[in-house]
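Have a look at the structure below, then the notes.
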There are 2 protein chains.
Amino acid sequence: MFPEFETYLKEQESLSNDDIDMMRVKSIEKTLRRKEILVHQGEVCRYKIFVTKGLLRSYTTREDGSEHIMHFSPENTWFTDPESFANAAPSNYTIEALENSEVILWTKNDLRYLVNSIPGLKAYFDALIYKAGTTLRHRIHSAISSTTEEKYEEFIKKHADIYARVPLHMIASYLGVTRETLSRIRRAYTIGK
Amino acid sequence: MFPEFETYLKEQESLSNDDIDMMRVKSIEKTLRRKEILVHQGEVCRYKIFVTKGLLRSYTTREDGSEHIMHFSPENTWFTDPESFANAAPSNYTIEALENSEVILWTKNDLRYLVNSIPGLKAYFDALIYKAGTTLRHRIHSAISSTTEEKYEEFIKKHADIYARVPLHMIASYLGVTRETLSRIRRAYTIGK
DNA sequence: AAATAAAAAGGAGAAATGTCCTTGTCTCGT
DNA sequence: ACGAGACAAGGACATTTCTCCTTTTTATTT
């Protein structure tokens, strides 16, 4: 579990073995079964998460029972609820494993310590935050300006890996439409080649 | 123009007069008339912008001529196109003054120099980026999970200042619906008190 | 102050989406 | 390997939104 993380991180950022060891000491390894929930809506998301294997999602449930998926996080990605994690506030989201997964966790305090101790780690996370911001802005622009068909088409192009691994109704939920609408879009889309 | 900025910034972050002077030296003051465009779609957004007076917006224009508003930036807020600014890439957005406005500009190089020279400035911008991220995530969640009426209601509550200053068709554009739809929502909303 | 432009509301029909339902297939867990 | 549950597709109808249009009101400019 940690070896996969080590391999990945060394590709991303040049870190010494000592640096990696510091991160290992503070890390918590966890195995999740499919459908297992890591953070329940209303709980504090105490961890920054690195997914070494499998796939997580975060979603909210409204009063009427409808689910709305905020994010998919496959292997070799970082994940958390930033608002809950940063402020130790109850999370609006449920974080669930969609496949049998393996994750590494760090608490906020430990992560702060690591960022202060390991040169380059702050810059690494800053770059990730910048990229995440780009993605968020793009998703907003798409939400307000694209047709459902365009959103679907972009999703399967940009997230072919996720598309192949999650049920369609979750893609519909991520895009903000019902599964029936997505089904209609797909019909028209496949016929139109 | 700069005095307003100085007043604002000193409230936000404890900076020495020397720090402020450094920022002043690198700053570019600019006055914009209503409807004047600061960055055209396709141009590089070379500046990080602080609005001391007035109101800016960023928007895209699609092939069919429809406009989609990404952001409103009133006085005492920072603004730029992060993707264009960071990478010196052509911007997808047009940045336009909606009122006669006054802005202060810094280039990327100058800002990098300032952030490296002024203690606390990096942390200040980091905090702004975090808050912006929270806003973006909230807007996405709203886009995929709220009804148009809920989006409208939230907008006028959270952005009462903007609501009072921009035409309704721009709010519709920001929310991702046509002005006719917004008009209908408002009718139902006002009747339902 | 008058002339011009912009903004808002509303109507009517078309298109898209949501809702509720059934059916057939697939998949997962035991 | 089997059975229960999840998933996908599609039909039918209701609702929402879009599109195109006119009319009235409000702002802006000269």
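Throughout, a chain's letter reflects where its sequence line sits, starting with A, and its residues are numbered from 1.
Residues Leu38(A) and Ile104(A) are members of separate hydrophobic clusters, defined by side-chain heavy-atom contacts under 4.5 angstrom among Ile, Leu, Val, Met, Phe, Trp and Tyr. There is no path of hydrophobic side-chain contacts, each under 4.5 Å, that joins Ile140(B) to Phe79(A). Connection of Leu56(A) to Val166(A) is not established within any shared hydrophobic cluster, with ILVMFWY side chains joined at heavy-atom distances below 4.5 Å, either directly or through further cluster members.
At most 12 heavy atoms of other shown residues, nucleotides or ligands fall within 6.0 angstrom of atom CZ in Arg33(A). Crowding of Arg179(A) atom CZ: a count of heavy atoms from other residues, nucleotides or ligands under 6.0 Å not exceeding 12.
Atom pair Glu180(B):CD and dA8(C):P shows a separation of 12 Å (rounding to whole Å applied). Atom pair Glu99(B):CD and dA27(D):C1' shows a separation of 14 Å (rounding to whole Å applied). Going from atom CZ of Arg184(A) over to atom C1' of dT17(D) covers 14 Å, rounded to whole Å. Atom CD of Glu150(A) and atom P of dA16(C) are 12 Å apart (whole Å). Residue Asn100(B) contributes atom CG, which lies 10 Å from atom P of dT28(D) at whole-angstrom precision.
Annotation: proximity of residues 153-173 of chain B to DNA chain C (heavy atom, distance under 4.0 Å) is found for Pro167(B), Leu168(B), His169(B), numbered in ascending order.
A sub-4.0 Å separation between OP1 or OP2 of dG29(C) and a side-chain N or O of Arg34(A) is present. Remark: Thr178(A) is not in phosphate contact with dT17(C), judged by side-chain N or O atoms under 4.0 Å from OP1 or OP2. Within the 4.0 Å cut-off from OP1 or OP2 of dT17(D), at least one side-chain nitrogen or oxygen of Thr148(B) is found. Side-chain nitrogen and oxygen atoms of Ser183(B) include none within less than 4.0 Å of the OP1 or OP2 phosphate oxygen of dA8(C). Between Arg187(A) and the phosphate of dG11(D), there is a side-chain N or O to OP1/OP2 separation shorter than 4.0 Å.
Checked against a 6.0 Å centroid threshold, the rings of Tyr93(B) and His71(B) do not count as neighbours.
Thr147(A) comes within 4.0 angstrom of no nucleic acid atom, judged by non-hydrogen atoms across all strands.
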Set out, in order, the CA-CA distance, both residues' side-chain angles and the distance that settles ring pair (Phe, Tyr, Trp, His ring centres under 6.0 Å) for Phe2(B) and Phe5(B), then state yes or no. CA-CA 5 Å; Phe2(B) 202 91; Phe5(B) 170 67; 5.2 Å; yes

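Of the possible donor and acceptor atoms, none in the side chain of Ser142(B) sits under 3.5 Å from a partner among the backbone N and O of His138(B). A donor-acceptor contact shorter than 3.5 Å links the side chain of Trp106(B) to the backbone of Met23(B).
End-to-end axis angle of the helix from dA1(C)-dT30(D) to dT30(C)-dA1(D), using five pairs per end and rounding to 10°, comes to 70°.
Judged by distance alone, with hydrogens and angles left aside, Arg179(B) brings no side-chain donor or acceptor close enough to the base of dG10(C) to form a pair under 3.5 Å.
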